[in-house]
Number of protein chains: 2
Amino acid sequence: MFVFNFKEFECPFNCFAEIIKGKWRTGIILSLSGSPKRFSELKKELAGVSSKVLADNLRALENGGLISRTVFPTVPPAVEYSLTEQGQELSGIMDSINNWAGIFLNKGEAVTYTE
Amino acid sequence: MFVFNFKEFECPFNCFAEIIKGKWRTGIILSLSGSPKRFSELKKELAGVSSKVLADNLRALENGGLISRTVFPTVPPAVEYSLTEQGQELSGIMDSINNWAGIFLNKGEAVTYTE
DNA sequence: CGGTATCCTTGATGATACTG
DNA sequence: CAGTATCATCAAGGATACCG
């Protein structure tokens, strides 16, 4: 699998777009902003994601320095994912986004589309 | 073509993800945040986009209330796209994103934008 | 438990041609 | 000028099977 290096972008916004790209990465960041989680916990929380796709995206975010992966050498193995410092800053940005979109959605109720 | 209604999302972040979805919508918003632009100007600025894809995305953003489309009944026809009030608020959010990503790209050091 | 390895589907994008 | 109509392409995502 090809993992793009986020840091190779010239344009900051293209970099951001790559980071949150696809159907699952935003959910991963949001979930980990609550607390560190194990692979199976993430898979349960992100209802519908397959192991392959979840692993692919976790690898991309880890490679980009936004999350970190800690292996506990127990039997059976336990792996914990958490946000790095940069990942936590990103989750702050996502809070702003969440606020804006929340307001946007409420304004939407005032709009009447008569069809 | 199917145009999703942004306002139908429950989750604000999914709503935002849908709004900026794909390769071109962020560029459209950023371009229009500078000044209103005509179809051909946008196409020139977003190097590589096809008429079809540009039109599809403009339609989606217009439908979502983020940009507005004004037709001047001249010959040949002139059409101007601009941000709505909600679109301008979104571009403010995108500025925050741009700042964060700029810092991220410089590995955590403060970025100074001297203009 | 936490993944990989394959194969397949699907939808966004791109190329090209055409039009009021 | 500002699109629409078709068709082709390609990578993200999903299904399933398997493994240390």
Side-chain angles (χ1 to χ4, degrees), chain A residues 1-6 8-9 14 16-29 31-32 36-64 67-82, chain B residues 1-6 8-9 14 16-29 31-32 36-64 67-82:
Chain A
M1 179 223 177
F2 177 64
V3 178
F4 198 98
N5 183 356
F6 301 147
E8 281 171 10
F9 283 96
N14 285 345
F16 173 80
E18 183 67 30
I19 289 170
I20 62 154
K21 188 173 173 180
K23 193 170 171 178
W24 303 108
R25 292 192 194 169
T26 57
I28 292 170
I29 308 269
S31 172
L32 294 182
K37 296 208 171 59
R38 296 175 60 173
F39 188 88
S40 54
E41 294 177 303
L42 280 169
K43 193 174 174 186
K44 191 176 163 190
E45 218 168 302
L46 304 173
V49 72
S50 68
S51 290
K52 172 188 171 292
V53 171
L54 180 55
D56 286 352
N57 283 296
L58 288 170
R59 222 54 75 229
L61 290 172
E62 184 194 1
N63 189 270
I67 65 177
S68 63
R69 178 175 180 271
T70 310
V71 181
F72 299 96
T74 55
V75 178
V79 177
E80 190 177 85
Y81 292 92
S82 58
Chain B
M1 178 220 180
F2 178 65
V3 178
F4 198 97
N5 184 356
F6 301 148
E8 282 171 9
F9 283 96
N14 286 345
F16 173 81
E18 185 65 29
I19 289 171
I20 63 154
K21 187 172 170 180
K23 193 171 170 179
W24 303 108
R25 291 190 194 170
T26 56
I28 291 169
I29 309 268
S31 173
L32 295 182
K37 295 207 174 58
R38 296 176 60 175
F39 188 88
S40 55
E41 294 178 302
L42 280 169
K43 193 174 174 186
K44 192 176 160 189
E45 219 169 300
L46 304 174
V49 73
S50 69
S51 290
K52 172 186 173 294
V53 172
L54 180 55
D56 286 352
N57 283 295
L58 287 171
R59 221 55 73 231
L61 291 172
E62 184 194 358
N63 190 269
I67 65 178
S68 62
R69 178 176 180 271
T70 309
V71 181
F72 299 95
T74 56
V75 179
V79 178
E80 190 176 86
Y81 292 92
S82 58

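Every chain is numbered from 1, with letters handed out A, B, ... down the list of sequences. For the numbers below, each heavy atom of this structure counts, side chains included, while hydrogens, waters and symmetry mates do not. This is a predicted model, so every value here is computed, not measured.
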Exercise. Which part of the nucleic acid does B:S40 contact within heavy-atom distance under 4.0 Å: base, sugar-phosphate only, or nothing?
Worked result: sugar-phosphate
Seminar exercise, completed: To the nearest angstrom, the CG-C1' distance between A:L58 and C:dT4 comes to 14 Å
Problem set entry | Options C:dG3, D:dG14, C:dG14, nucleotide nearest the side-chain atoms of A:W24 | D:dG14
Exercise. Do B:R25 and B:I19 come close enough that some side-chain heavy atom pair is under 4.5 Å?
Worked result: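 Not touching, per the 4.5 Å side-chain cut-off.
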Exercise. Rounded to whole angstroms, how far apart are NZ on B:K21 and P on D:dG13?
Worked result: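 Result: 10 Å.
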Exercise. Under 4.0 angstrom, heavy atoms only, what part of the nucleic acid is A:Y81 near: base, sugar-phosphate, or nothing?
Worked result: sugar-phosphate
Exercise. Closer than 4.0 Å, any side-chain N/O of B:R59 to the OP1 or OP2 of D:dG3?
Worked result: yes
Exercise. Applying the side-chain hydrogen bond (donor to acceptor under 3.5 Å, both in side chains) test to B:Y81, which of B:E41, B:K37, B:R38, B:R69 qualifies?
Worked result: B:R69
Problem set entry | Shortest non-hydrogen contact from A:V53 toward A:W24 | CG1-CD1, 3.4 Å
Exercise. Between D:dA2, D:dG14, C:dG2, which nucleotide gets closest to the side-chain atoms of A:A78?
Worked result: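 So the nucleotide nearest the side chain must be C:dG2.
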For this session: Measure from the side-chain heavy atoms of A:A55 and tell me the nearest of D:dG3, C:dT13, C:dG3.
Result: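 Of the candidates, C:dG3 comes closest.
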Exercise. For B:K52, which contact category applies under a 4.0 Å heavy-atom criterion: base, sugar-phosphate, or nothing?
Worked result: base
For this session: Quickly work out the A:L42 CG to C:dG3 P distance and round it to whole Å.
Result: 10 Å
Exercise. A:P76 side chain: which of D:dG3, C:dC1, D:dG13 is closest?
Worked result: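 Looking only at side-chain atoms, A:P76 lies closest to C:dC1.
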Problem set entry | Rounded distance in Å - CD (A:E41) to P (C:dG2) | 8 Å
Exercise. Is any side-chain N or O of A:R38 closer than 4.0 Å to OP1 or OP2 of C:dG2?
Worked result: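 So the side-chain polar atoms of A:R38 do come within 4.0 Å of the phosphate oxygens OP1 or OP2 of C:dG2, strictly under.
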For this session: Counting heavy atoms from C-beta on, name the nucleotide in C:dG20, C:dA12, C:dC1 closest to the side chain of B:P77.
Result: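 Looking only at heavy atoms from C-beta outward on B:P77, the closest nucleotide is C:dG20.
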Problem set entry | Spacing between B:E80 atom CD and D:dG3 atom C1', to the nearest angstrom |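 Going from B:E80 (CD) to D:dG3 (C1'), I get 17 Å.
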Exercise. Could you give the NZ-to-C1' distance, from A:K23 to C:dT9, as a whole number of Å?
Worked result: 13 Å
Exercise. What integer distance in Å separates B:L46:CG from D:dA2:P?
Worked result: 14 Å
Exercise. Nearest nucleotide by nearest heavy atom, which residue falls closer to the 5' end of DNA chain D, A:S51 or A:E18?
Worked result: A:E18
Exercise. Given C:dG3, is OP1 or OP2 found less than 4.0 Å from the side-chain N or O atoms of A:R69?
Worked result: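 A:R69 to C:dG3 OP1/OP2: side-chain N or O found under 4.0 Å.
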Exercise. Nearest heavy-atom pair of A:V49 and A:L54: which atoms, and what distance?
Worked result: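 Closest approach of A:V49 to A:L54, heavy atoms only: CG2-N, 3.8 Å.
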Exercise. Do NZ/NE/NH1/NH2 and the carboxylate oxygens of A:K21 and A:E18 come within less than 4.0 Å?
Worked result: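 So A:K21 pairs with A:E18 through a salt bridge.
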Exercise. Rounded to the nearest Å, what distance is computed from the CG atom of residue A:D56 to the C1' atom of nucleotide D:dA15?
Worked result: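 Value for this atom pair: 14 Å.
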